[in-house]
Amino acid sequence: MAEPSELLTAGADVLVAGGGNAALCAAINAARAGARVLVVEAAPKFYRGGNTRHTRNLRCAHDEGNEVLTGPYPEEEFWDDLMRVTGGETDEELARFTIAQSKELWDYMNEQGVRFQPSLGGTLSLGRTNAFFLGGGRAMINALYRTAEALGVRVVYEAEVVDVEIEDGFFLSATVSHGGTRHRIAAKALVAAAGGFEANIEWLTEAWGPEAKNFLIRGTPYNRGSMLRLLLDRGVRPIGDPKQCHAVAIDARAPKFDGGISTRLDCVVFGIVVNRAAERFYDEGEDFWPKRYAIWGRLVAAQPEQIAYAIIDRTSIDKFMPSVFPPIEAASIEELAGRLELDPAALRHTVESFNAAVRPGSFDPAALDDCRTEGLAPEKTHWARPIAEPPFYAYPLRPGITFTYLGVRVNRRAQIVMDDGKPSANMFAAGEIMAGNVLGKGYLAGIGMTIGAVFGRIAGREAGHHVRN
Amino acid sequence: MFATEDHAEADRLMRICNACRYCEGLCAVFPAMELRRTFLDGDLNYLANLCHQCGACYFDCQYAPPHEFAVNVPQTLSKVRAGSYRAYVWPQAFAPMFEKNGLAVALAAALGVAAFLFGFMAWSDPGVMFSAQHGEGAFYRIMPHAAMAWLFGLAFLYAIVALTMGFRAFWKDIGASGEAVGGGSLWQAVKDAGRLRYLDGGGVGCMNEDERPTDRRRHYHHATFYGFLLCFASTCSATLAHYLFGWEAPYAWYSVPVVLGFVGGCGLVVGPLGLFAAKTRRDPAMADTGRYGMDVAFLAMLFLLGVTGLLLLLLRATPAMGTLLAVHLGVVFAFFLTMPYGKFVHGLYRFGALVRHAMERRAGHSVGEAAG
Ligand SMILES: Cc1cc2nc3c(=O)[nH]c(=O)nc-3n(C[C@H](O)[C@H](O)[C@H](O)COP(=O)(O)OP(=O)(O)OC[C@H]3O[C@@H](n4cnc5c(N)ncnc54)[C@H](O)[C@@H]3O)c2cc1C
Ligand code: SF4
Ligand code: SF4
């Protein structure tokens, strides 16, 4: 095995920036097309594959069910789902193309050694549309690395692209920083697959304002958007709104970065959510939680100090998926308020007026039931039951950013489009760094990996062809 | 609150895993965990014994060290498992026998018994002991069959009693006593144990030196386990031949006891060697290094059982037979005696855990719908 610095000076035909799903799909396909491929991943080996490490599934269209996917998911249905969540903010050509290509992903991933399993406990509603990785995203990305290395792809960790040299839309070289040394790497093609900028708090602050400093970042601390910024500064056409991101409400006790899936909280629909003033601010029972969790990040972000508290009682404590941090527990509402440093009288008032507004109904977590309040602002429209049985429990909530949508414009050959509208001949992009082309807003579970794999494969193939011609 | 620090750590990990669940498809541990929201010592001992230490969940975990959650399920469950052997041992006073000096104890016992037998036999009839013996009853001219049967029968009986008591304590602690064990669950567990279904990292093989899976450990374990069973069957068939038909050992090359013993003996030589080699190459991050002695002692005893048995078979017509017989019997005796106090118990508790898991699956339930 050669030293990383030797690998960096040896040069390559195709330079891949990033080390996640999109980067590895590109590296594998470029190597299959006959190119010498070098992957530079900013993170250390354990953290390779940034947010891909945290994923659990990918969405793919298919005409028939199989041993894992429980039924057909036709392209049209995928398209309808995408239209629903984006409200039409998508590039129709690229979106339809992505969906059509997603049909190949099941076989493709299996060929690369990725293994699947039926949907995880608690996610049955995704069993038909999403293929779950056996062992999760890290198992998946480990498989891609094994395949890539077997194909001769060379990988250097802790190697960040810090500069790129572009002339008239043509990539000449990249500067890679590794172990304190800067290496200039001239390659015949570049694949930018270095994720979004969600871990860059300063950039988030630029877009969101000072609230952003209270956001938690669910994924890797290494997705700081340095590649994206370089490209945008060197004449690449942007796509998407810097303020758009996938933000969910997660446990406020989660680590600042990299808390991943286990910090999610699914208790909101079973109780009430209050802010620092101990006041409710949104209908907790508007819809099933998997359909609503992604709006709660923004809702909490809009509250003072970007924090809120979900409050439930004994009757609901075992109704949702267990979460990683234990609930804050108290024998009375006042005591609970004390623990949360909220005004006890205010919290008591909020709980009491909520309890008084609850109409009788038959509670059914599996349906949009008839348990609701009457005469409250805001109402709780489903699953409203009085919070009266001690012990009382609270979970603190903060906005958790999954990923950002601002990216680089691409065409269906995954070529990066320059400011003048012309596609670059030898620069390609895949994954989160270009997801905004397909996903202008909203989110569809599993589509991040779909976009990364579809465009990663194409970017790799196109880059490979480019260097051979 | 928990019996040991290892239990407290296992509880911490199971709470993280229960909120994550990505490893659900890898083995039985995670589905069993999902049936619970809180974990008592007994639950953790159950999960620990259900774990086959394949290592997949360590390499697949996004929270493995150096992540601040520092999730290392194989290592932690391995520690809890070793602790459970001590916790359930009968009599309790023998718990320290599981400690690091396992190999020394086992070897000392084997050598001691071998020396005793050697001395006993050589003293009672040196002429027979050091000359080649042939034909029916050749072994028993060196040591009378009745003495052999009594001695080993008693040692075996003791092992069975001690193992049963340990198992009862385990079964009670994991909350299974009092529940009806269906034939279906038992059969399921026999199949799962027989195939080592959960030593395959969810289908690709277990992880040993790095994240590249292999199936080596499973194959060597099969060689060991089935080798052991064949040797046991060989002994049983010989006992039957002796008492039912009055045929006396040594038996012919093509006889059932010899063929079983030969094939089994080979398994017991190859299997433990392979497992030991895999152990030395294993990524230490996954392992509980504190139990190395116990693990190695068990492998060594199995290997010695196989080697001495095979040598006895090969050299039984030479003057070395007497000495080899003493050594082989010494090893067998020591094996019986140390069975309840060494790694042997892992098979028992793991099988119990598999039965329990099969029972739970039949009555399974799950909670809620999660968001991404
Ligand atoms: C907790 C969580 C769960 C998720 N679950 C799912 C799911 O189940 N399904 C799904 O489809 N999506 C999921 N997503 C979204 C998904 O993770 C992303 O859409 C996807 O991983 C993006 O892949 P990528 O290859 O573009 O980026 P990443 O996998 O994030 O890889 C980008 C890599 O680029 C590296 N990098 C950054 N800058 C540079 C630089 N300048 N030079 C070199 N390297 C650089 C980073 O270190 C990083 O490893 C989840 C996200 C999170 C946070
Ligand atoms: S071992 Fe890691 S990836 Fe697997 S379930 Fe536990 S926390 Fe999740
Ligand atoms: S080491 Fe293997 S058997 Fe043990 S819990 Fe992890 S995946 Fe399951």
Side-chain angles (χ1 to χ4, degrees), chain A residues 44 46-47 49 53-57 113 115-118 120-126 132-140 142-143 145-146 246 248 251 255 258-266 288-294 317-326 365-366 402 443 445-446, chain B residues 11-27 30-39 54-73 200-207 210-214 285 364-372:
Chain A
F46 170 78
Y47 289 92
R53 223 176 93 240
H54 285 290
T55 62
R56 57 184 184 188
N57 60 32
R115 290 169 316 128
F116 293 101
Q117 63 160 90
L120 298 175
T123 60
L124 290 179
S125 59
L126 294 173
F132 281 71
F133 308 126
L134 181 67
R138 186 156 175 242
M140 182 270 185
N142 284 345
Y145 273 94
R146 278 200 298 274
H246 185 253
V248 307
D251 197 304
D258 221 43
I261 195 78
S262 69
T263 62
R264 77 148 127 52
L265 266 181
D266 297 331
F288 293 109
W289 184 240
K291 295 196 176 167
R292 278 294 163 271
Y293 74 104
I317 189 70
D318 58 354
K319 294 282 179 296
F320 49 92
M321 288 265 292
S323 57
V324 68
F325 298 103
T402 317
Y443 187 65
Chain B
D11 173 69
R12 184 183 77 86
L13 299 192
M14 287 302 106
R15 283 168 191 273
I16 297 176
C17 293
N18 214 1
C20 165
R21 301 194 169 187
Y22 281 10
C23 292
E24 186 181 283
L26 293 178
C27 69
F30 299 93
M33 164 199 81
E34 288 178 18
L35 297 175
R36 298 163 166 77
R37 289 179 87 92
T38 52
F39 304 93
C54 76
C57 66
Y58 173 72
F59 287 104
D60 291 356
C61 182
Q62 66 274 25
Y63 300 124
H67 190 281
E68 63 181 282
F69 286 176
V71 174
N72 188 337
V73 174
D200 73 345
V204 278
C206 73
M207 316 278 180
D210 56 24
E211 81 272 7
R212 266 174 281 263
T214 78
H365 64 97
S366 63
V367 222
E369 176 84 348

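A note on names: the letters A, B, ... follow the listed sequences, proteins ahead of strands, and every chain is numbered from 1. Note that this is a predicted model, so its numbers are computed, not measured.
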Q: Picking from A:Ala143, A:Pro326, A:Gly259, A:Gly49, which has the most non-hydrogen pairs under 4.5 angstrom with chain B?
A: A:Gly259
Q: What is the minimum heavy-atom distance between A:Arg115 and B:Gly202, and which atoms define it?
A: NH1-O, 3.0 Å
Q: Please enumerate all residues that pass ring-ring contact (aromatic ring centres under 6.0 Å, His included) together with A:Phe116, with sequence neighbours excluded.
A: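 Partners of A:Phe116 under the ring-ring contact (aromatic ring centres under 6.0 Å, His included) test: A:Trp106, A:Phe133.
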Q: As an exercise, state the distance from CD1 of B:Ile16 to CD1 of A:Ile261, rounded to the nearest 0.5 Å.
A: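 CD1 of A:Ile261 is found 14.0 Å from CD1 of B:Ile16.
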Q: Donor-acceptor check, side chain of B:Arg212 to backbone of A:Arg146, threshold 3.5 angstrom: yes or no?
A: no
Q: With no hydrogens and no angle check, is any side-chain donor or acceptor of B:Tyr22 less than 3.5 Å from a backbone partner on A:Arg138?
A: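 Not confirmed, B:Tyr22 side chain does not pair with A:Arg138 backbone.
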Q: Under a 4.5 Å heavy-atom cut-off, does chain B meet the side chain of A:Thr402, its backbone, both or neither?
A: neither
Q: Check whether any side-chain N or O of A:Gln117 sits under 3.5 Å from a backbone N or O of B:Gly25 as a donor-acceptor pair, and report yes or no.
A: yes
Q: Look up atom CG in B:Asn18 and atom CE in A:Met321, then write down how far apart they are to the nearest 0.5 Å.
A: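 Separation between the atoms: 7.5 Å.
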Q: CD/B:Glu211 to OH/A:Tyr145 distance, rounded to the nearest 0.5 angstrom?
A: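 If I round to the nearest 0.5 Å, the distance is 10.5 Å.
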Q: Heavy-atom cut-off 4.5 Å, strictly under: side chain, backbone, both or neither for A:Phe132 against chain B?
A: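 Neither; nothing under 4.5 Å.
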Q: Which one of A:Pro255, A:Ser323, A:Pro365, A:Gly260 has the most heavy-atom pairs closer than 4.5 Å to chain B?
A: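 Most heavy-atom pairs under 4.5 Å with chain B: A:Pro255.
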Q: For residues A:Arg56 and B:Glu24, determine if any side-chain heavy atom of one lies less than 4.5 Å from a side-chain heavy atom of the other.
A: no
Q: Sort B:Pro65 into side chain, backbone, both or neither according to what part of it lies under 4.5 angstrom from a heavy atom of chain A.
A: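 Looking at B:Pro65, just its backbone touches chain A.
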Q: Cationic tip of B:Arg37 within the cone over A:Phe320's six-membered ring, i.e. under 6.0 Å and within 45° of the normal?
A: yes
Q: Do any N or O atoms from the side chain of B:Arg21 and from the backbone of A:Ser262 form a donor-acceptor pair under 3.5 angstrom?
A: no
Q: Report the distance from atom CG of A:Asn142 to atom CG of B:Asp210, rounding to the nearest 0.5 Å.
A: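 Rounded to the nearest 0.5 Å, the CG-CG separation comes to 10.0 Å.
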Q: Got a second to check how far A:Asp258's CG is from B:Phe69's CZ, nearest 0.5 Å?
A: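 Nearest 0.5 Å value for the CG-CZ distance: 9.0 Å.
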Q: Closest approach of B:Ala19 and A:Val324, non-hydrogen atoms and distance?
A: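 Scanning both residues completely, I find the closest heavy atoms to be CB-N, 3.6 Å.
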Q: Using modelled atom types and a 3.5 Å cut-off, is there a donor and acceptor pairing between side-chain atoms of A:Arg53 and backbone atoms of B:Cys61?
A: no
Q: Check the pair B:Tyr63 / A:His54 against side-chain contact (heavy atoms from CB on, under 4.5 Å), numbers first and verdict last.
A: CA-CA 9 Å; B:Tyr63 300 124; A:His54 285 290; 4.3 Å; yes
